[in-house]
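Inspection log for the structure reproduced underneath, given as structure tokens.
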Amino acid sequence: MSSAAFDSMWSALEQVGRVGSGGYRRFAWTPEDRTLREWFAAECARRGLDLTVDRVGNQWAWWWDGPGTVDDAVAAGRPGVAIGSHLDSVPDGGAFDGPLGVVSALATVDRLREAGVRPDVPLAVVNFVDEEGARFGIACAGSRVLTGQLTPERALALRDVDGTTYAEALRAAGRDPAELGPDDETLRRVGTFVELHVEQGRALVDLGAPVAVASDIWPHGRWRFDFSGEANHAGTTRLEDRRDAMLGYADLVLGARHVATQRGCVATVGKVAVTPGAVNAVPSHVTGWLDARGPQEDHVRALVDELTGRAGETGAQVVRESWTPTTRFDAALGDRLRQVLARAGGAAEPLSVPVLGTGAGHDAGILATAGVPSAMLFVRNPTGVSHSPAEHAERADCHAGVEALVACVRDLTSLRAAPAADGADA
Ligand code: GLV
Ligand code: MN
Ligand code: MN
């Protein structure tokens with residue numbers, strides 16, 4: 001039964017990369033990541049799915065029992081449908097951001113099989129690598145390189161906090177860095193992508209609905225600010241003689257809050273590195289990473305310009321590490337899925353399915369930008385907390401999410417599906 005399958009997969013993942021805070025540290029190309037990738041491969045093998053790994057390391061597990069190969073089906077006008085998400089986490093992240101989408105996708109395959117459904121087009125379950133960018137700084141690195149939105153040269157040169165490059169990390173994980181690059185062969189197979197994800201706000205609690213369809217992702221980016229000073233003794237250096245790199249950083253943090261409030265954006269400085277990092281030494285160097293987002297692109301840009309200008313006055317260097325413009329999900333696809341969900345479960349009256357925008361980035365947004373019709377389903381989060389050990393979704397809502405994904409996939413993989421026309425639950 002699908003609920004039992006979901007529950008047992010969830011239990012199997014619960015201990016992987018868990019730390020003392022109760023959250024997870026599952027970073028790209030680490031031993032924890034390897035365990036998760038092996039777990040994913042084993043779950044796919046158990047289901048007889050055909051696992052392929054693209055040039056970036058994203059894992060795609062195909063179900064296609066039709067004539068010929070997946071590529072034959074695509075060439076014959078049956079582009080595939082992919083569902084899934086990611087298994088990596090932010091530092092001390094929650095259990096749901098990412099894994100909920102992967103586990104729900106695998107449970108969806110089980111549910112379809114229980115129901116005797118055989119997709120008319122190839123269906124893939126995908127595990128995207130390095131969605132959070134927790135180790136190397138660029139979020140959605142797996143889907144960005146896949147789609148050509150991040151060059152392999154730039155990706156390979158990224159360094160983690162220990163100075164390990166992406167290339168070295170790939171090598172240590174048994175991959176050839178020369179392989180890394182866009183992968184059109186993989187992308188060509190994907191006609192539609194649907195990512196189910198835990199909600200990262202608390203709109204659905206107020207709306208009284210377990211599942212929503214996404215409309216868009218706010219523009220967002222990351223900037224690195226480097227402040228320089230001079231190391232000196234914390235006890236003997238007179239205040240007027242100090243060149244304290246921390247002061248510029250402090251101005252950035254307070255300025256980010258102030259300007260974000262004025263411009264209707266959100267801004268966060270959630271990561272900082274201090275050199276030499278001693279309680280009793282004046283900091284000689286401080287690096288702070290700014291994450292800025294908002295509903296309006298020009299406001300986010302203005303916010304960053306203002307903060308960059310202020311920091312520039314202290315001689316700071318500012319580098320943009322990533323920028324993702326507003327992403328609008330395919331409206332026709334979103335409407336179609338809403339219609340499917342409105343009728344799913346056999347309710348006498350169609351249900352009202354909320355549509356939500358989000359300030360969080362996702363691989364589905366990167367694929368949408370690359371021209372792959374993409375959609376997202378959000379599963380209610382009772383507190384809205386995310387990127388924290390407290391992130392949560394009730395089990396009943398997780399199961400409802402699986403049922404929603406099943407209904408969507410049945411529709412999208414059926415060549416007979418025409419939701420507006422016949423209303424049949426294929
Ligand atoms: C990813 O979760 C992001 O929005 O940073
Ligand atoms: Mn996340
Ligand atoms: Mn995520």
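Counting starts at 1 for both ligands and their atoms, following the listed order.
The closest side-chain donor-acceptor pair between Thr287 and Asp226 falls under 3.5 angstrom.
Judged as a ring pair (Phe, Tyr, Trp, His ring centres under 6.0 Å), not a single pair has a partner in residues 295-316 (not counting sequence neighbours). For residues 250-271, every residue pair satisfying the salt bridge (Lys or Arg N to Asp or Glu O under 4.0 Å) rule, not counting sequence neighbours, is listed here: Asp251-Arg310, Arg263-Glu306.
A donor-acceptor contact shorter than 3.5 Å links the side chain of Arg338 to the backbone of Val353. Remark: the backbone N or O of Asp183 is not paired with any side-chain donor or acceptor of Arg55 at under 3.5 angstrom.
Seen from the Mn ion (ligand 3), atom NE2 of His197 and atom NE2 of His86 lie 130° apart in angle, a value rounded to 10°.
Looking at Glu43 and Arg47, a side-chain N of the basic residue comes within less than 4.0 Å of a carboxylate O on the acidic one, giving a salt bridge. At a threshold of 4.0 Å, the pair Asp120-Arg78 does not count as salt-bridged, since none of the basic side-chain nitrogens sits closer than that to a carboxylate oxygen.
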Pairs under 3.5 Å, N/O atoms on ligand 1 and on the protein: can you put them in a table with the distances?
residue: ligand 1; atom: 2 (O); partner: Glu132; partner atom: OE1; Å: 3.0
residue: ligand 1; atom: 2 (O); partner: His387; partner atom: NE2; Å: 3.1
residue: ligand 1; atom: 4 (O); partner: Arg293; partner atom: NH1; Å: 2.8
residue: ligand 1; atom: 4 (O); partner: Arg293; partner atom: NH2; Å: 3.3
residue: ligand 1; atom: 4 (O); partner: Gly361; partner atom: N; Å: 2.7
residue: ligand 1; atom: 5 (O); partner: Arg293; partner atom: NH2; Å: 2.8

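With a 6.0 Å cutoff to the six-membered ring centre and a 45° limit on the axis angle, Arg37 does not count as a cation-pi contact of Phe40. A cation-pi contact, defined as under 6.0 Å to the ring centre and within 45° of the axis, is absent between Arg118 and Trp63.
Less than 2.8 Å away from the Mn ion (ligand 2), the protein contributes these N/O/S atoms: Asp97 OD2, Glu132 OE1, Glu132 OE2, His387 NE2.
Checking His197, Gln200, Glu199 one by one against Ser386, the side-chain hydrogen bond (donor to acceptor under 3.5 Å, both in side chains) holds for a single residue, Gln200.
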